[in-house]
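Throughout, protein chains are lettered first and strands after them, A, B, ... in sequence-line order, and every chain is numbered starting at 1.
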Amino acid sequence: MDIPKTYDPKQAEQRHYERWEKAGCFAPEINRDPHAPVFSIVIPPPNVTGSLHMGHALQHTLMDVMTRHKRMCGYRTLWLPGQDHAGISTQKVVSDQLEKEGLSRHDLGREKFIERVWRWRHESGGQILQQMRREGASVDWSRERFTMDEGLSRAVREVFVRLYEEGMIYRGERIVNWCPNDQTVLSDLEVAKVARAGKLYYLQYPVKTNDGERRHITVATTRPETMLGDTAVAVNPLDERYRDLVGAKLILPLTDRLIPVIADEFVDPEFGTGAVKVTPAHDPNDYEMGVRHDLPQVVVIDQHALMTEAAGKGFFGLDRYKAREKVVENFETLGLLEKVIDYEFSISTCERCHQVIEPLISTQWFCRMDEMRDLALGLMGREKKPRFSPEVPYEKVYTSWLENLRDWTISRQLWWGHQIPAWYDKEGNVYVARSVEEARAKAGTDELEQDPDVLDTWFSSALWPFSTLGWPDETDDLKTYYPTSVLVTGRDIIFLWVSRMVMTGMKFMSETPFHDVVITGTVLDKHGQRMSKTKRNGVDPLDIFDKYGVDATRVALSAAGAGTDIRWNDNQVEPYRNFANKIWNAARFCLLNSEGARVSPEALRAAEGLALHDRWILSRLNRTARDVSQAIGEYQFHEAVQTLYHFFWDDFCDWYIELSKWDVTAEQTSAGRDCARTRLISVLEQALRLLHPFMPYITEELWQRLPGVSEGLLHEAYGGSEATIMLTAYPQGNREAIDERAEWEMQMVIDLISRVRNIRAEMNIKPSERVRLLVGAGEEKLREVFAANTDQIARLARASEITVRERLDAPRASARAVLSGGAEVAVPLEGLIDFAQERARLERERDKLQKEAARLDAQLANPQFTERAPAEKVNELRERLADITGRLRALSETLEALR
RNA sequence: AGGCACGUACGUCAAUGGUAGACGGCUUCCCUUACAAGGAAGAGGUUGGGGGUUCGAGUCCCUCCGUGCCUACCA
């Protein structure tokens, strides 16, 4: 058999994915058990414009681990893939392409432009899905969805119409967030607040008096240019300074308008001058105040952030920042600029293009959220669903956001997206319908024009868990896979996406869209900075795959703590690349000694007369299986990884293989040898199954090479499928197979061997040199354990002979050690031993033990402790103290003998 | 401005209120026929400072220092 010494991940990565896919392993239909429990996940649809980043790799890995695990547990398993049309981003990508050709989207016209976007999507969009194949993601490609698919678009129209008919969607004029660059309205969630160092300008507005008295009110503002649209100045009704001026008129400088002084509780008397200029058309708070006081709205800034005609001759057409300078200059000239101070404040910017948002009054479509919000809050209140992991702090983040939820601006002035299903007749009457035909029927005329706006991208995403399964039709998929089992995503879209899915899910399906929500940490760069394109500090997962292999990368990502941010550093993957190589070589050893062996479940049963190391590894295997399943179930992937890593490396490689070597590598063919080989390879096979959800490629690659693997090993739900490790049964860990006694006995043997190795290292005994071992053990049980395993101990401790007695009887010139359980071991070293050095070594150990004994003594002597602590805990300490005391006694005697 | 996290070995991170661990790195020895991406043995911590609750605190409470994140209508 020809197996290379070093694992080459690329080879395995190329070989298996396509085969799995062709065999239909990813589709739930592979499961032929009609009573199988169901497990389903919908992928957070990546943007068509996106390419894979580490955040995806992390989330996809966790989703795939869960999916593969549940599939191996016999669940009917669906992981549904798909993509989001990503309105603004996609439109921008294609617009930029056009720009390079010297064209704008308006040159093409709406229809041609959309055609072009579709072409782009088919040609270069969605590379991310190809990249997912490399990740090993076991998604069902036959159910792939796109938010602009006909089916999903139908769901969008259906939801829109129903909500409209219930009065939850309405059209109205409001102040909104406008991006002058993207030329569209944005929802509050798409606006990012950024701290900026700016100035606070103090402007004086003269009071119009009849007696010629010269008075003024000073207002403070960060945006002087908006003063051209002021229609009032507001003060707090309780503010003594201005009480007599409420109701008075002010002369608004640079214009010919008079504006009133009004009283409103919104005004904080402590801030600035206690007087606020009110610009209802260009500030959300002022807008509200304007509504309360019935103030006129003077629009002085337009959709391109240029000053309008209403701003006055001198300002018309100026950019808003130019206008700002000019207003300030004019105030200075007029002697009305009181002062300018440095001031840091936060401004609203467009999340995508970072342009400063301009609040504008505009007619848009809105969605009332109160009813759906209450549905979601009720679900959390009654059933505590969805269950967030980690629960702290996300459950609270989610609910407190819902409690403060406001109406959602759902229209966007874009071309790429779901066009709003509303039509207008010549009189401007609106007809909301599922199709133009339905609208015509409602209107009684064919002369209708559809609303040009499209819906917020998140509107269709909000329906994802049921629209992808066929809603509004009552499909089998919908009945089977809704609600989904778990949603895996980042914290940045809890509001944008998670909460909205819950709300629409409750509204239209009357059930939570997912039982659990796993919030992953953010992948940061090695300095703890967020990865971003502009900073160019992003890491391409494909580079990591090339460098270390997909499996190693997946394990490294799974090993990150639950919910905590991950400071990414390439070399963190190295240990897992090494781990993969370790697995490879362990399997290599098994395979090189596999003649006469075959994978066999019977070999894993405890039986009479099994050697200690066999009983032990079976116990460890079952314990590991149990712990891993529990960890995955609790979304503690790092614990699962740690458990598997140590089982495979420490238990299986370092001890079990070493202890099996003698039997397995025997030159003579024998039933005993075949038996040992079969057991070894069967344990390996189980270990590969346990590792498979995390490391799909290497486990499949090795599994296929094991002798005796066949369809017969598959989980019964997959009977008739082709042989692959991904359809075998996941080891559950049998509680009865956990053999505490075997684990204790083995621990004694390991302890003895380690002590001898320690002596050898400290005494500089060459590896090639065999030593004699004298073991003294008062307990008969222990003597039996050592006696039964002398061959093993001799091989691993490199001893020539071993004598086990009740009492240690060793020559003075020996190096000694005391084991737990009170046993002692001595290595006679005639002529080699430095007595002073040996005494010092043992004294050091004695001091350590004495300290611990003293601490335990004190704790046990404290009646408060023995009375209040649980009896189990107290006993544990007593036993430990007894053990230490025994060892101390033995040590003292040894030291005495060396004097 | 409020709210929420976090601070543990040289580095990156784990630890239901019960003996502080892992993986790199480091030191010494070994190319022992699965693996030098390996094996064996080690060194390294009064868990950011201070106070409190408790028989017992990395873990719970308070406070200070430092670092992140989120929310917000103070012009």
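- Nucleotide B/U46: unpaired (no Watson-Crick or G-U wobble partner with both distances less than 3.5 Å).
- If you check the side chains of A/Ser682 and A/Glu685, you find no donor sitting under 3.5 Å from an acceptor.
- Set against B/A41, B/A5, B/A72, the side chain of A/Val392 has B/A5 as its closest nucleotide.
- Between A/Lys199 and A/Asp342 there is a salt bridge, since a side-chain N of the basic residue sits under 4.0 Å from a carboxylate O of the acidic one.
- By the 6.0 Å contact criterion, CZ on A/Arg241 is enclosed, its count of non-hydrogen atoms from other residues, nucleotides or ligands being greater than 12.
- A/Tyr343 has a side-chain polar atom (N or O) that falls below the 4.0 Å cut-off from OP1 or OP2 of B/A75.
- Between the P atom of B/C73 and the CD1 atom of A/Ile357 lies a distance of 14 Å, rounded to the nearest Å.
- Rounded to the nearest Å, the gap between the C1' atom of B/C60 and that of B/G42 is 37 Å.
- Under the 3.5 Å distance criterion, with hydrogens and angles disregarded, a donor-acceptor pair is assigned to the side chains of A/Lys277 and A/Thr226.
- If you check B/A40 for Watson-Crick or wobble pairing at under 3.5 angstrom, you find it paired to B/U28.
- Within the 4.0 angstrom heavy-atom criterion, base atoms lie near A/Cys653.
- Counting any heavy atom pair closer than 4.0 Å across all strands shown, A/Arg406 reaches sugar-phosphate atoms only and no base atom.
- Distance noted for atom P between B/U33 and B/A40: 15 Å (whole Å).
- For A/Glu574 and B/G11, the CD to P distance is 19 Å, given to the nearest whole Å.
- Side-chain contact check for A/Lys526 versus A/Arg567: every heavy-atom pair is 4.5 Å or farther apart.
- Between A/Glu658 and A/Lys661 there is a salt bridge, since at least one side-chain N of the basic residue sits less than 4.0 Å from a carboxylate O of the acidic one.
- Taking the nucleotide of RNA chain B with the nearest heavy atom to each of A/Asn593 and A/Thr221, the more 5' of the two is matched to A/Asn593.
- Contact annotation for A/Pro863: no contact, since no heavy-atom pair falls under 4.0 Å across all strands.
- Salt-bridge annotation for A/Arg491 and A/Asp565: present, with a side-chain N of the basic residue lying under 4.0 Å from a carboxylate O of the acidic one.
- Rounded to whole Å, the distance from CG on A/Leu659 to P on B/G39 is 15 Å.
- Looking at the side chain of A/His638, the nearest of the listed nucleotides B/C74, B/A14, B/C23 is B/A14.
- Atom C1' of B/C13 sits at a distance of 13 Å from the matching atom of B/C6, rounded to the whole Å.
- The pairing partner recorded for B/U59 is none, the criterion being a Watson-Crick or G-U wobble arrangement whose two distances lie under 3.5 angstrom.
- The phosphate of B/U32 has neither OP1 nor OP2 within less than 4.0 Å of any side-chain N or O from A/Lys766.
- The listed nucleotides are B/A37, B/G18, B/C69; the one nearest the side chain of A/Asn581 is B/A37.
- Computed from coordinates, the A/Ile347 CD1 to B/C74 C1' distance equals 16 Å when rounded to whole Å.
- Atom CG in A/Asp650 sits roughly 10 Å away from atom P in B/A22 (whole-Å rounding).
- Residue-environment remark: CZ (A/Arg292) exceeds the threshold of 12 foreign heavy atoms within 6.0 Å.
- Checking B/U71, B/A75, B/A34 against the side-chain heavy atoms of A/Phe495 singles out B/U71 as nearest.
- When the side-chain nitrogen and oxygen atoms of A/Trp649 are compared with OP1 and OP2 of B/A37, none of them lie within a distance under 4.0 Å.
- When distances are taken from the side chain of A/Arg588 to each of B/G39, B/C73, B/C35, the shortest belongs to B/C35.
- Among B/U32, B/U19, B/C13, the nucleotide with an atom closest to any side-chain atom of A/Arg855 is B/U19.
- Straight-line distance between the P atoms of B/G25 and B/A20: roughly 27 Å, to the nearest whole Å.
- Residue A/Tyr576 is out of contact with every strand shown, counting any heavy-atom pair closer than 4.0 Å.
- Applying the 3.5 Å distance criterion, the base of B/A34 shares a donor-acceptor pair with the side chain of A/Glu658.
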- Checking salt bridge (charged side-chain N to carboxylate O under 4.0 Å, His left out) for the pair A/Arg705/A/Glu701: CA distance, chi angles, key distance, verdict? CA-CA 7 Å; A/Arg705 296 178 189 229; A/Glu701 178 69 23; 2.9 Å; yes

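- Across B/A34 and B/C26, the matching C1' atoms stand 28 Å from one another, rounded to whole Å.
- For the P atoms, the distance from B/G52 to B/U19 is 24 Å, rounded to whole Å.
- Both A/Lys396 and A/Asn585 lie close to RNA chain B; mapped to their nearest nucleotides by heavy-atom distance, the more 5′-ward contact belongs to A/Lys396.
- Distances shown here put a side-chain N or O of A/Thr564 below 4.0 Å from the OP1 or OP2 atom of B/A14.
- Side-chain proximity of A/Thr6 to B/C35, B/A37, B/C73: nearest is B/A37.
- At the phosphate of B/G17, neither OP1 nor OP2 sits under 4.0 Å from any side-chain N or O atom of A/Lys873.
- Under the Watson-Crick or G-U wobble criterion, with both distances below 3.5 Å, B/U8 is left unpaired in every strand shown.
- When heavy atoms are screened at a 4.0 angstrom cut-off, A/Arg760 is found touching no nucleic acid atom at all.
- Closest to the A/Arg530 side chain, of the nucleotides B/C69, B/C13, B/U32, is B/C69.
- At B/U28, none of the side-chain N or O atoms of A/Asn764 fall inside 4.0 Å of OP1 or OP2 (strictly under the cut-off).
- Between B/G42 and A/Asn758, a contact under 4.0 Å exists linking OP1 or OP2 to a side-chain N or O.
- Computed from coordinates, the A/Glu876 CD to B/G18 P distance equals 11 Å when rounded to whole Å.
- To the nearest whole angstrom, the two C1' atoms, one in B/A5 and one in B/C74, are 27 Å apart.
- Looking at A/Lys5, its side chain has no donor and acceptor atom pair within 3.5 Å of the base of B/C35.
- Nearest nucleotide to the A/Gln859 side chain, out of B/A22, B/A37, B/G18: B/G18.
- Distance from the side chain of A/Ile657 is smallest to B/A34 among B/A34, B/A22, B/A72.
- When heavy atoms are screened at a 4.0 angstrom cut-off, A/Pro575 is found touching the sugar-phosphate backbone but no base atom.
- No N or O donor and acceptor, one from the side chain of A/Arg757 and one from the base of B/A41, sit under 3.5 Å apart.
- Both distances falling under 3.5 Å, in either a Watson-Crick or a G-U wobble arrangement, place B/C13 opposite B/G21.
- Between A/Tyr548 and A/Tyr576, the ring center distance fails the sub-6.0 Å criterion.
- Nucleotide B/U71 forms a Watson-Crick or G-U wobble pair with B/A1, both donor-acceptor distances falling under 3.5 Å.
- Residue A/Ile494 contributes atom CD1, which lies 10 Å from atom P of B/U71 at whole-angstrom precision.
- Using a 4.0 Å heavy-atom criterion, one finds that A/Arg798 contacts the bases of the nucleic acid, with or without backbone contacts as well.
- With C1' as the reference atom, B/G58 and B/G49 are 15 Å apart, rounded to whole Å.
- Nucleic acid contact for A/Lys661: base, since at least one base atom lies under 4.0 Å from a heavy atom of the residue.
- One atom, CG of A/Asp627, and another, P of B/A15, lie 15 Å apart when rounded to the nearest Å.
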